[in-house]
Amino acid sequence: MGSDPRFVMILPLLALALSLFVANADAAVSLPQPVKLEWHYYKVHNTCDDAEAYIRHQVELFYKHDKTIAPKLLRLLYSDCFVTGCDASILLDRPNSEKTAPQNWGLGAFVLIDKIKVVLEQRCPGAVSCSDILNLATRDAVHMAGAPSYPVFTGRRDGMTSTKESVDLPSPSISWKESLACFQSKGLDVQDMVTLLGAHTMGQTRCRYIVDRLYNYKNTGKPDPSMNTTLLNRLRKECPPRTRKGQSDPLVYLNPETGSSYRFSESYYSRVKTHEAVLGVDQQLSNGDNNTLQIVDEFAAGFEDFRKALALSMSRMGSINVLTGKQGEIRRNCRCTNADTNCKR
Ligand SMILES: *[C@@H]1O[C@H](CO)[C@@H](O)[C@H](O)[C@H]1NC(C)=O
Ligand SMILES: CC(=O)N[C@H]1CO[C@H](CO)[C@@H](O)[C@@H]1O
């Protein structure tokens with residue numbers, strides 16, 4: 001492992017990131033500030049002092065009756081940031097928009113974003129961007145689900161284009177090498193990948209993404225040898241072999257331990273260690289390459305380290321290709337650009 005200069009980088013970087021942090025997650029100084037974004041942008045610029053409180057309140061109301069909102073928002077934010085950047089293009093409603101791509105889902109999340117936007121337009125018209133709403137609402141929802149809270153820098157503006165073709169998200173069944181390449185292409189690193197994959201402690205996936213691990217791993221005709229046999233037997237019951245077209249494609253919990261509670265839990269990392277990860281990309285974190293196992297060990301041993309890493313990685317992800325200043329616009333309706341005359345407002 002010593003031959004790869006990256007290994008030398010990862011842990012000192014982690015140590016640095018952690019030491020930058022002081023006890024309070026709300027302390028902005030403890031996170032390296034993204035170049036273009038600001039702490040409490042709407043308060044500082046006096047354009048909507050209570051924007052963050054309005055958002056949190058709406059998320060709370062929604063979360064009370066639909067806990068699936070937390071993994072859905074996380075997924076939506078990730079999908080937005082990894083495509084053209086965190087510009088809320090994922091929210092645009094139009095034929096061939098990112099939203100219509102099959103990798104995208106989570107209508108509940110779109111409904112909540114719309115609700116928040118309506119409230120904000122009443123209180124502070126034209127002030128708060130859809131991309132900031134998405135970043136802030138995600139932070140609040142995953143916090144309600146049990147994840148550590150973290151500071152979100154703001155001042156993003158909304159993109160004015162969206163195409164289905166630009167959606168090139170990795171499928172949940174890719175190898176970690178492909179997954180890492182995808183993260184690196186966005187300027188993120190191994191630690192960000194291991195941290196952000198922790199989102200797989202909540203939510204569900206379709207059987208089609210795991211049947212190869214259950215029955216025919218890498219065309220061997222056998223299951224993935226790295227899957228715990230107790231888990232294997234359980235998942236085989238939930239996901240029968242896929243033998244015919246049009247067969248139903250059930251949903252399974254990504255973390256059977258927390259399952260329908262949709263709680264955010266550090267057990268994601270201990271389950272990787274006991275070979276109980278549901279998705280192949282998660283289980284591959286335990287193969288030791290690129291020091292991923294070391295990071296997994298650290299997170300499994302202490303939620304505190306994970307808390308700090310989550311803040312850093314969410315901040316880094318939330319800063320991918322952001323639009324600021326005079327770029328983009330503040331959409332009045334998150335589903336359409338302001339120039340769209342067919343838009344219902
Ligand atoms: C398989 O999972 C069980 C818990 O369900 C755990 O006790 C055991 O150590 C795991 N086996 C391996 C090989 O990791
Ligand atoms: C980014 C990175 O460090 N990738 C390396 C991960 O480890 C494999 C070998 O195990 C290398 O081939 C990659 O270059």
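Order of listing sets the numbers, starting from 1, for every ligand and every atom in it. The first residue of the sequence shown is numbered 1, and numbering continues consecutively from there.
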Tightest non-hydrogen contact, residues Ser286 and His275, listed as OG-CE1, 4.0 Å
Looking at atom 2 (O) of ligand 1, is any protein heavy atom nearer than 4.0 Å to it? yes
Closest heavy-atom contact between Ser179 and Val281? CB-CG2, 3.9 Å
Is it the case that Arg123 places NZ or CZ above or below the six-membered ring of Tyr54, under 6.0 angstrom from the centre and within 45 degrees of the axis? yes
Residue, atom and distance of the protein heavy atom nearest atom 13 (C) of ligand 1 read His275 CD2, 4.4 Å
Report yes if some N/O of Asn228 lies less than 3.5 Å from some N/O of ligand 1; otherwise report no. yes
Please identify which of these residues, Arg332, Arg331, Arg335, meets the salt bridge (charged side-chain N to carboxylate O under 4.0 Å, His left out) condition with Asp114. Arg335
min-distance protein heavy atom vs atom 5 (O) of ligand 1 -> Glu276 OE2, 2.9 Å
Do we get Lys67 above Tyr63's six-membered ring, with its NZ or CZ under 6.0 Å from the centre and within 45° of the axis? yes
Give a yes/no verdict on whether any heavy atom in Thr274 is under 4.0 Å from an atom of ligand 1. yes
